[in-house]
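The figures here come from the full heavy-atom set of this structure, side chains too, leaving out hydrogens, waters and symmetry mates. Here the structure is a predicted model, which is why all the values come from computation and not from measurement. Here, residue 1 is the first one in the sequence, and each next residue gets the next number.
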Amino acid sequence: MGPHVLADAAGAGFAAPAFGEFVDDEQAAPVLVVRRGESLAGCGVRETREETGIEVEITGIVGTYTDPRHVFAYDDGEVRQEFSICLLGRPLGGELRVSDESHGVAWFTPAETDGLPMVANIRKRLADWRSGAIPVVRQCCDRDGPR
């Protein structure tokens, strides 16, 4: 899989994660796909712009996340294990907009994210970022969510 980007709009005081995906009516971060020859940071910048309209500078890594039980099996017999990297970015400009890859995009303060319906593993990424103890390396998820 690819990176997810959380954009920090105003330093430590306010978060600005831009959500574009929904899974069973819960918000999830956009899934980004690294193109051949593209850097991880370059992918984060490009995909954030494409899915949200916001230009970002990648400033760090929130963490890496994997679940050895979450695999993709293809008809040709190939099996791959999912992993993701959550990047931290600082917005440089642009205007929030919905793309053909997103259903809705908005800025939220950390407190506002507490009440949002959200996929458990994305909530864990936000909690990791909010804790300030980053970067993290997480093996996640069980039925009760990430650990």
A.B. asks: Would you please name every residue forming a salt bridge (charged side-chain N to carboxylate O under 4.0 Å, His left out) with Glu95, sequence neighbours left out?
C.D. replies: none
A.B. asks: Are Leu40 and Leu92 joined in one hydrophobic group, where the rule is that I, L, V, M, F, W and Y side chains link up if heavy atoms are under 4.5 Å apart?
C.D. replies: no
A.B. asks: I'd like to check the side chain to side chain contact (heavy atoms under 4.5 Å, CB included) partners of Asp76; sequence neighbours left out, ordered by chain and number.
C.D. replies: Tyr74, Glu78
A.B. asks: As an exercise, state the distance from CZ of Phe72 to CZ of Arg80, rounded to the nearest 0.5 Å.
C.D. replies: 10.0 Å
A.B. asks: Quick one: list whatever passes side chain to side chain contact (heavy atoms under 4.5 Å, CB included) with Val137, sequence neighbours left out.
C.D. replies: Thr64
A.B. asks: Any pair with a residue in residues 33-42 that passes salt bridge (charged side-chain N to carboxylate O under 4.0 Å, His left out), sequence neighbours left out, goes on the list, sorted by first then second residue, please.
C.D. replies: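 Found Arg35-Glu50, Glu38-Arg46.
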A.B. asks: Would you say Ile134 and Ile61 make side-chain contact, with heavy atoms under 4.5 Å?
C.D. replies: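 No - every pair of side-chain heavy atoms lies 4.5 Å or more apart.
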A.B. asks: Tell me which pairs pass salt bridge (charged side-chain N to carboxylate O under 4.0 Å, His left out) where either residue lies in residues 107-117, with sequence neighbours left out.
C.D. replies: Asp114-Arg130
A.B. asks: Using every non-hydrogen atom in the two residues, find where Val34 and Ser39 come nearest and quote the distance to one decimal.
C.D. replies: CG1-O, 4.5 Å
A.B. asks: Compare every heavy atom of Arg123 with every heavy atom of Thr113, then report the nearest pair and how far apart it is.
C.D. replies: O-NH1, 3.1 Å
A.B. asks: Taking only residues two or more places apart in sequence, or in another chain, which ones meet Arg49 in a salt bridge (charged side-chain N to carboxylate O under 4.0 Å, His left out)?
C.D. replies: Glu55
A.B. asks: What is the minimum heavy-atom distance between Asp67 and Gln81, and which atoms define it?
C.D. replies: O-CG, 3.9 Å
A.B. asks: Mind checking side chain to side chain contact (heavy atoms under 4.5 Å, CB included) for Ser99 and listing every partner two or more places apart, or none if nothing turns up?
C.D. replies: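 So Ser99 forms a side chain to side chain contact (heavy atoms under 4.5 Å, CB included) with Glu51, Arg97, Glu101, Ser102.
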A.B. asks: What's the separation between atom CD in Glu57 and atom CG in Leu88, rounded to the nearest 0.5 Å?
C.D. replies: 10.5 Å
A.B. asks: What closest approach, in Å, do Thr52 and Thr48 show between heavy atoms, and which atom pair accounts for it?
C.D. replies: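 Thr52 and Thr48 have their closest heavy atoms at OG1-O, 2.5 Å.
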A.B. asks: At their closest point, which heavy atom of Ala133 faces which heavy atom of Val136, and how far apart are they?
C.D. replies: O-CG1, 3.2 Å
A.B. asks: Rounded to the nearest 0.5 Å, what separation is found between the CG atom of Leu87 and the CD1 atom of Ile58?
C.D. replies: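 Between atom CG of Leu87 and atom CD1 of Ile58 there are 5.0 Å.
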